There are 2 protein chains.
Amino acid sequence: MKTTFGEYIRLLRNKNELTLTQLAAKLNLDSANLSKIENGKRDFDEKRLPKLAKIFKLDLTELRNEYVTDQIGKQIYETNCTKQLLQVAEEKAEYRRTLKEKVI
Amino acid sequence: MKTTFGEYIRLLRNKNELTLTQLAAKLNLDSANLSKIENGKRDFDEKRLPKLAKIFKLDLTELRNEYVTDQIGKQIYETNCTKQLLQVAEEKAEYRRTLKEKVI
DNA sequence: TAAGACTTGTCATTTTTTGACAAATCTATA
DNA sequence: TATAGATTTGTCAAAAAATGACAAGTCTTA
């Protein structure tokens, strides 16, 4: 089952037997705020992905994919976007890509 | 071909033969900022969707779908989210829906 | 070239997000 | 049960991002 990014961090943290305080310190982050992140009450700041990857020896690209899919999943959820509408959104993304080409 | 939300507004505006200034006034908006919206340099504020629907006699739900798919499409584009990753994002949205049920 | 339409740049204001800290609750164990 | 460490929650100031407003520019066309 897929998890949220916050749950994913908690999983990594527990597997590595770190406390909130310990991981928060490694991430230059307040432990109270890391708690909120793990519980989905705040977002993880994208700028910290490289640090997170390094701490847990993860591939940064894959980690970023975890992050991106979480962010988009969140937006899909919050906007009640159906599969059908998501298909439209994908087509619009594709359209934006064609726009970009024209600019070049 | 799908368009951005900004282009869609411009289309509506031209079809109804309104100038930027005229439509902006109806939307309680600065014409310069409406120009930026149409050109994709700013976002249309979701709060104005009801007003926009009324002006052009559009179904608000459909208009909101246009808006939502534009927003998600933009995020897909900006994050370079592939179709494969989008599938994952959809699963994560589904997971969030199951979380919500548990809260109840 | 004059007027209206549109675009671009800038900046103050508003809104949202983040960082930080205090205090509360929870959990395990001496 | 008392204590310590771990976690959660609430709050608020600071930082960052979005928005509103206005001036000045370019473009179009009559």
Side-chain angles (χ1 to χ4, degrees), chain A residues 3-52 55-56 64 67-68 70-75 77-79 96 99-100 102-103, chain B residues 3-52 55-56 63-64 67-68 70-79 96 99-100 102-103:
Chain A
T3 67
T4 64
F5 198 74
E7 290 169 341
Y8 178 59
I9 291 177
R10 172 153 294 175
L11 230 59
L12 288 169
R13 181 169 67 78
N14 288 336
K15 199 162 64 177
N16 288 269
E17 298 186 34
L18 294 175
T19 66
L20 278 171
T21 308
Q22 290 171 328
L23 178 55
K26 287 177 193 289
L27 286 167
N28 265 4
L29 191 61
D30 187 293
S31 65
N33 290 331
L34 180 54
S35 167
K36 287 169 194 162
I37 289 168
E38 289 189 349
N39 290 299
K41 290 168 183 172
R42 279 203 189 194
D43 272 358
F44 185 80
D45 188 343
E46 185 167 7
K47 291 192 297 272
R48 288 197 176 84
L49 285 179
K51 204 167 266 185
L52 187 63
I55 293 168
F56 293 120
R64 197 178 298 278
Y67 183 78
V68 161
D70 179 72
Q71 289 290 113
I72 296 180
K74 184 179 167 195
Q75 198 178 4
Y77 169 70
E78 286 172 350
T79 59
R96 280 180 190 262
L99 286 185
K100 186 68 175 189
K102 282 177 194 160
V103 175
Chain B
T3 67
T4 65
F5 198 74
E7 290 170 340
Y8 178 61
I9 293 177
R10 171 153 294 175
L11 230 58
L12 288 169
R13 181 169 66 80
N14 287 336
K15 199 162 65 177
N16 288 269
E17 298 186 33
L18 294 175
T19 65
L20 278 173
T21 307
Q22 288 171 327
L23 177 55
K26 287 177 194 286
L27 287 167
N28 265 1
L29 190 63
D30 187 292
S31 66
N33 290 331
L34 180 54
S35 167
K36 287 169 194 162
I37 289 169
E38 290 188 349
N39 289 301
K41 289 168 184 172
R42 281 204 187 192
D43 272 357
F44 185 80
D45 188 343
E46 185 166 8
K47 291 193 297 273
R48 287 198 176 85
L49 284 179
K51 203 166 266 186
L52 187 64
I55 293 168
F56 293 121
L63 185 61
R64 197 178 297 279
Y67 183 77
V68 162
D70 179 72
Q71 290 291 112
I72 296 181
K74 184 178 165 192
Q75 198 178 4
I76 293 169
Y77 169 70
E78 286 171 351
T79 59
R96 281 180 189 261
L99 285 186
K100 186 67 176 188
K102 282 176 195 160
V103 175

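In this text, all values refer to a predicted model and were calculated from it rather than measured experimentally.
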* **side-chain contact (heavy atoms from CB on, under 4.5 Å) between B:F44 and B:L27, intermediate numbers included** => CA-CA 11 Å; B:F44 185 80; B:L27 287 167; 4.2 Å; yes

* To do: List the steps and the verdict of side-chain contact (heavy atoms from CB on, under 4.5 Å) for B:R96 and A:D70.
  => CA-CA 10 Å; B:R96 281 180 189 261; A:D70 179 72; 3.1 Å; yes

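One interatomic measurement links the two molecules: CD1 of A:I37 to C1' of C:dT17, which rounds to 12 Å at whole-angstrom precision. Distance CG (B:L27) to P (D:dT19): 14 Å, rounded to an integer number of Å. Between the CZ atom of B:R48 and the P atom of D:dA18 there is a distance of 16 Å, rounded to whole Å. Following rounding to the nearest Å, A:L20 (CG) and D:dT7 (P) show an atom-to-atom distance of 4 Å. Here the C1' atom of nucleotide D:dT19 and the CG atom of B:N28 are 14 Å apart, to the nearest Å. Atom CG in B:L34 sits about 9 Å away from atom P in C:dC6, given to the nearest Å. Look at CG on A:N39: it is 13 Å from C1' on D:dA6, rounded to the nearest Å. One atom, CG of B:D45, and another, P of D:dA18, lie 12 Å apart when rounded to the nearest Å.
Closest contact between the side chain of A:N33 and the listed nucleotides C:dT7, D:dT7, C:dG19 involves C:dG19. Picking from D:dT7, C:dA5, D:dC22 the nucleotide with the shortest atom distance to the side chain of B:T19 gives C:dA5. Ranking D:dT7, D:dG10, D:dT11 by closeness to the A:S35 side chain, first place goes to D:dT7. Side chain of B:L29, nearest nucleotide from C:dC6, D:dG20, D:dT7: D:dG20. Closest to the A:T21 side chain, of the nucleotides D:dG20, D:dG10, D:dT7, is D:dT7.
Between B:K41 and C:dT8 there is a side-chain N or O to OP1 or OP2 distance below 4.0 Å. Note on A:R10: a side-chain N or O is less than 4.0 Å away from OP1 or OP2 of D:dT8.
Both B:S31 and B:K47 lie near DNA chain C, and the one whose nearest nucleotide falls closer to the 5' end is B:S31. Along DNA chain D, the nucleotide nearest to B:D30 and the one nearest to A:Q22 differ in position, and the one closer to the 5' end is contacted by A:Q22.
Taking only distance into account, the side chain of B:K36 meets the base of C:dG9 through a donor-acceptor pair shorter than 3.5 Å.
The shortest heavy-atom contact between A:N28 and A:R48 is O-NH2, 3.0 Å.
Considering OG1 of B:T4 and CD1 of B:I37, their distance stands at 11.5 Å, rounded to 0.5 Å.
Within the 3.5 Å criterion, the main-chain N or O of B:K47 finds a donor-acceptor partner in the side chain of B:D45.
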